[in-house]
Every structure is written in structure tokens, then in C-alpha cells.
K.L.:
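A single structure is presented below for examination.
We're numbering straight along the sequence, starting at 1. Any value given below was found using the heavy atoms of this structure, including those in side chains, with hydrogens, waters and symmetry copies removed. On a predicted model such as this, the values are computed, not experimentally measured, just so you know.
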Amino acid sequence: MTVRTALVIGGGIAGPVTAMALRRAGIEPVVYEAYASTADGVGAMLTVAPNGLAALDVIGAGEAVRAAGQPITDSVLTDGRGRPIGVMRGLEGLPPGRALSRPDLYRVLHELATAEGIPIEYGKRLVDAREDAGGVTARFADGTEASADLLVGADGIRSVVRTLIDPDAPGPAHVPLLNVGATADIVVDAEPDTAYFAFGRRAFLGYWTRPDGTTTWFGNIPHEEPMTYAQAREVPAEEWHRRLGEIYADDRPGRELVENTPPGRLAVLGTVEIMPKVPRWHRGRMVLVGDAVHAPSPSSGQGASLAAESAVELARCLRDLPEVPDAFAAYERLRRERVQKVAARAARTNNSKTLGPVGLAMMKLMMPLATRTFLSPERTLGPEHRFRIDWDATVDGAAVAAR
């Protein structure tokens with residue numbers, strides 16, 4: 001069948017990117033967002049890696065995202081006292097990724113999608129979907145319905161579409177790390193456009209200075225019990241500020257960053273969640289993209305980038321393979337191995353954030369040699385950051401199936 005229309009469920013990051021990619025494949029999308037308004041101001045900092053920017057270039061969004069973010073060229077690993085452990089230089093010949101706030105990325109992508117005339121409807125919480133010979137119909141909590149040739153679930157880590165495709169699908173898994181982000185009114189001793197990752201006495205800290213005289217930072221703090229974003233918000237900001245002050249009291253520059261961060265600027269996001277392997281990516285006329293099917297830990301620095309890649313690859317498969325089941329199967333085969341490798345690397349990074357004194361001492365001894373050999377930037381990040389999707393190449397379903 002010829003696919004002409006699509007329902008895109010989810011208006012966060014993956015939704016608008018998927019809609020713009022589908023439009024370039026000749027498919028007319030409509031985006032349906034569960035919440036009644038936009039997500040402006042919601043979320044902390046993230047990174048769009050070079051591979052993610054390359055995918056965004058395919059849909060004409062790369063330059064706008066670059067302009068909204070700050071280039072990050074190198075990474076420096078330190079101990080809790082600010083002393084260097086190792087340095088990860090940027091990959092040779094590859095432009096740097098961009099660090100930016102999730103609200104800024106959200107805003108840029110929504111502005112671009114709207115400028116292209118892509119409809120985004122709010123207050124449309126999906127509750128069910130049914131298929132027939134003519135397509136798929138989504139039913140929303142407000143009693144309305146919408147129909148199209150196919151339905152794309154870009155509805156995040158608690159995806160409704162995932163459970164419609166497979167009622168036995170796994171839900172998100174808990175990682176015992178509390179995720180915190182903020183911006184401090186101070187400039188610490190740091191090189192510009194360089195990210196620092198500090199293995200502190202009680203918690204992990206990442207930070208980089210900004211041209212406006214502030215420092216963006218995030219913390220990963222051991223936290224065995226799961227905590228949702230809603231539960232984290234129930235704790236007053238002043239109390240979080242006090243707790244973080246205690247946690248980073250013996251670390252530099254952790255202590256100074258917390259002290260110079262107004263409590264109201266703290267974004268405590270709850271404990272980290274990831275998606276385990278999802279057995280079914282698609283069924284009939286429904287398919288998943290982004291965090292709904294592959295949500296690696298934030299430690300990967302690849303969440304938004306992988307979502308952009310998958311959106312582009314899905315659109316490319318639908319463009320070139322006329323039968324929807326063939327297009328969906330090719331899309332999964334092209335994406336599954338890659339996203340699982342990224343997730344596995346991120347899981348190893350998570351483990352390193354809770355090393356303890358003995359593990360940290362071993363890291364200090366090994367890291368200078370490791371970053372020049374088996375943990376060199378090229379070996380560690382090259383396969384991820386250098387990845388490119390050739391939009392102009394035709395997807396050969398038979399060749400993909402033979403892999």
C-alpha cells in the first residue's frame with residue numbers, strides 16, 4: 001500500500017522530528033500531544049551528539065539546533081578535588097556536538113515543525129487504537145478519534161503505543177541514581193567548551209562553563225529507591241538544596257556550584273530510568289520510535305540523537321518499501337543492534353559513577369593509559385559519533401533482511 005498519512009503520538013522531542021522526517025518522505029503527519037500545553041521550561045540539560053546533528057541535518061533542523069546550543073569539544077575526567085584523571089579529546093575531523101537545555105531543543109523543533117505546517121494538537125491523550133483494512137484509528141481520552149494509514153508511537157518511556165503493540169512489553173527499568181540539573185551563578189576554573197566529569201566522594205558531577213558567566217552542572221547521586229519526577233517535586237527546593245550541599249560538601253567544585261545555585265533553579269528529575277530490550281517494535285500499522293522503544297541512560301549522551309536517527313531511518317524505510325510490514329521490519333533491523341550497543345555502553349558508564357574509594361583509586365591509576373588505548377575517544381565514541389544515515393540511498397529490503 002502507499003502510505004500517505006500518519007498519526008504521530010507524542011509531542012516531545014521524538015514526535016516533531018519524526019513528523020518532519022515523514023514529511024520529507026512524502027507522508028503527511030499530525031502530531032498528538034497528551035498534555036494540554038507545550039512543555040516549555042520542563043527539563044534540564046542534554047547533549048545532541050554529532051551523529052544526532054547529522055540526522056537533524058536530513059530534516060533541515062541541524063543548524064537551528066547548533067545555534068541554540070553550546071559546542072562541547074573535549075571531556076576531562078577528574079576526582080572530587082578537581083584533579084584530572086584523564087582527558088577525552090574530540091574526534092579528529094568531526095564537528096563537536098551541542099549542549100543545550102531540553103526546553104530550548106523542544107522549542108526549536110516545535111518552531112520548525114510549525115513553520116512547515118505540521119499540525120500539533122494538544123490535550124490528546126491516547127487510550128486505544130484499532131486497525132482495519134483502511135488504516136488505523138486512534139481514540140483519545142477526550143472522546144475524539146483520528147485516522148491515518150499508520151500510527152507512530154513517539155510517546156516516551158511510558159509509551160501507551162508500546163502496550164498496544166504488545167500488552168506484555170516491558171516497562172522502564174530503574175537505575176539507582178538520582179538525576180539533578182541546574183545552572184550556578186559562578187564561573188569555575190575550567191576550559192571553555194569543555195565538559196568536566198568529576199567522580200566525587202559521595203556522588204558524580206558533570207559541569208561546563210557558559211559564555212554568559214554561569215556554569216551548567218548535573219549530578220548523579222546514588223539512590224536505591226525509585227523516585228519519580230512527581231515525587232521529587234513534592235520535596236521543597238530548599239530541602240533539595242540543603243541535601244545537595246551536604247552531598248557535595250567535600251568536593252570541588254561541587255560545593256561551590258551548589259552554594260551558587262538558587263534553590264528555585266534546581267531541576268530534580270527523579271531517579272534514572274532506561275528501557276530494557278523491547279521484543280516487539282511494531283505490529284500491523286503501529287510502530288515505535290525514540291524513548292518508547294530505546295531509552296538509554298542519560299550517561300550515554302545519546303538519547304535525543306538516537307531518537308533523531310530512528311525517525312529518519314523509519315521515514316526512509318517507509319519511503320522506499322511500499323508494504324508497511326516490510327518497511328517496519330527493515331527499520332527495526334537497521335536500528336536494533338545499534339541502539340542496544342549504545343545502551344550497553346551507557347550501563348557500564350552508570351556503574352562507574354558509584355565506584356567508591358577503592359574503585360576510584362584504581363581508576364586514577366589506570367585512566368591515563370586507558371584513554372590512550374582501549375578507552376581512547378576513537379574506540380569508545382567513534383562508532384557512535386561518526387554514524388551517518390544516507391538519506392539519498394534507497395533501502396533494499398532484501399539486503400537488509402539478509403544481514
Side-chain angles (χ1 to χ4, degrees), residues 10 12-14 34-35 39 42-47 102 125-126 153-164 166-182 197 199-206 217-248 254 258 263 265-279 288 290-304 306-307 339-340 342-356 359:
I13 300 300
Y35 291 99
V42 178
M45 299 296 293
L46 54 77
T47 300
R102 188 185 188 280
R125 185 174 297 278
L126 181 73
D155 49 343
I157 201 166
R158 287 180 170 76
S159 171
V160 173
V161 179
R162 185 174 64 240
T163 61
L164 294 177
D166 179 8
D168 297 322
H174 165 67
V175 176
L177 289 171
L178 189 70
N179 206 10
V180 181
F197 302 102
F199 297 85
R201 182 172 178 269
R202 298 176 60 185
F204 179 85
L205 178 77
W217 63 274
F218 68 90
N220 290 145
I221 301 153
H223 197 284
E224 289 299 325
E225 293 299 318
M227 175 179 281
T228 66
Y229 175 60
Q231 289 172 329
R233 285 176 60 87
E234 292 175 358
V235 179
E238 291 75 14
E239 174 60 17
W240 278 124
H241 194 266
R242 184 192 67 77
R243 294 182 191 180
L244 292 168
E246 292 179 354
I247 289 169
Y248 289 108
V258 174
R265 205 180 289 165
L266 288 171
V268 184
L269 306 176
T271 47
V272 173
E273 292 182 313
I274 61 174
M275 275 307 301
K277 295 179 182 178
V278 175
L288 300 168
D291 283 356
V293 69
H294 52 67
S297 165
S299 299
S300 70
Q302 282 285 336
L306 291 182
V339 300
Q340 289 179 176
V342 173
R345 179 184 66 79
R348 293 191 295 270
T349 301
N350 285 339
N351 292 335
S352 73
K353 292 180 177 180
T354 55
L355 286 174

K.L.:
Checking Ala182 now: which residues fulfil side chain to side chain contact (heavy atoms under 4.5 Å, CB included) with it, not counting sequence neighbours?
P.N.:
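Expected list: Trp217, Thr261, Leu266.
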K.L.:
At their closest point, which heavy atom of Pro296 faces which heavy atom of Ala343, and how far apart are they?
P.N.:
CB-CA, 4.1 Å
K.L.:
Quick check: does any side chain N or O of Thr271 sit under 3.5 Å from a backbone N or O of Met227, one acting as donor and the other as acceptor?
P.N.:
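Indeed, once roles are kept as given, a pair shorter than 3.5 Å links the two residues.
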K.L.:
Rounded to the nearest 0.5 Å, what separates atom OG in Ser300 from atom CD1 in Ile274?
P.N.:
10.0 Å
K.L.:
State, with a plain yes or no, whether a side-chain heavy atom of Arg201 is found less than 4.5 Å away from one of Tyr248.
P.N.:
no
K.L.:
Got a donor-acceptor contact below 3.5 angstrom from the His241 side chain to the Pro236 backbone?
P.N.:
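No; judged by distance alone, with no hydrogens or angles, the pair does not exist.
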K.L.:
With a cut-off of 3.5 Å and sequence neighbours excluded, list every side-chain donor-acceptor pair involving residues 154-164.
P.N.:
| from | atom 1 | to | atom 2 | distance (Å) |
| --- | --- | --- | --- | --- |
| Asp155 | OD1 | Ser159 | OG | 2.6 |
| Asp155 | OD2 | Ser159 | OG | 3.2 |
| Asp155 | OD2 | Val160 | N | 2.8 |
| Asp155 | OD2 | Val161 | N | 3.1 |
| Arg158 | NH1 | Glu273 | OE1 | 2.8 |
| Arg158 | NH2 | Glu273 | OE1 | 3.2 |
| Arg158 | NH2 | Glu273 | OE2 | 2.6 |
| Ser159 | OG | Val161 | N | 3.2 |
| Ser159 | OG | Arg162 | N | 2.9 |
| Arg162 | NE | Pro170 | O | 3.2 |
| Arg162 | NH1 | Ile157 | O | 3.2 |
| Arg162 | NH1 | Ala292 | O | 2.7 |
| Arg162 | NH2 | Ile157 | O | 2.7 |
| Thr163 | OG1 | Val160 | O | 2.7 |

K.L.:
May I have the step-by-step check of side chain to side chain contact (heavy atoms under 4.5 Å, CB included) for Asn220 and Asn179, ending in yes or no?
P.N.:
CA-CA 5 Å; Asn220 290 145; Asn179 206 10; 3.0 Å; yes
K.L.:
Given side chains that start at C-beta, do those of Pro176 and His174 come closer than 4.5 Å, heavy atoms only?
P.N.:
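Counting from C-beta outward, Pro176 and His174 do come under 4.5 Å.
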K.L.:
Could you check if a side-chain atom of Val180 sits within less than 4.5 angstrom of a side-chain atom of Leu269, using non-hydrogen atoms only?
P.N.:
no
K.L.:
Mind checking whether Val342 and Leu306 have side chains closer than 4.5 Å, heavy atoms only?
P.N.:
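Yes; the side chains approach each other to less than 4.5 Å.
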K.L.:
Measure the CG-CD1 distance between Leu178 and Ile247 for me, rounded to the nearest 0.5 Å.
P.N.:
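Atom-to-atom, Leu178:CG and Ile247:CD1 are 7.5 Å apart.
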K.L.:
Between Arg242 and Glu239 (salt bridge meaning N to carboxylate O under 4.0 Å), is one present in this structure?
P.N.:
yes
K.L.:
Determine the minimum heavy-atom distance between Pro263 and Ala237, stating which atoms define it.
P.N.:
O-CB, 3.4 Å
K.L.:
Which pair of heavy atoms, one from Leu205 and one from Gly254, lies closest together, and at what distance?
P.N.:
CD2-CA, 3.7 Å
K.L.:
Is Arg233 atom CZ crowded by more than 12 heavy atoms from other residues, nucleotides or ligands, each under 6.0 Å away?
P.N.:
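Count not over threshold, so no.
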K.L.:
Which heavy atom of Val278 sits nearest to which heavy atom of Met275, and what is that distance?
P.N.:
CG2-CE, 3.6 Å
K.L.:
Within a strict 4.5 Å, meaning less than it, do heavy atoms of the Leu244 and Ile221 side chains meet?
P.N.:
yes
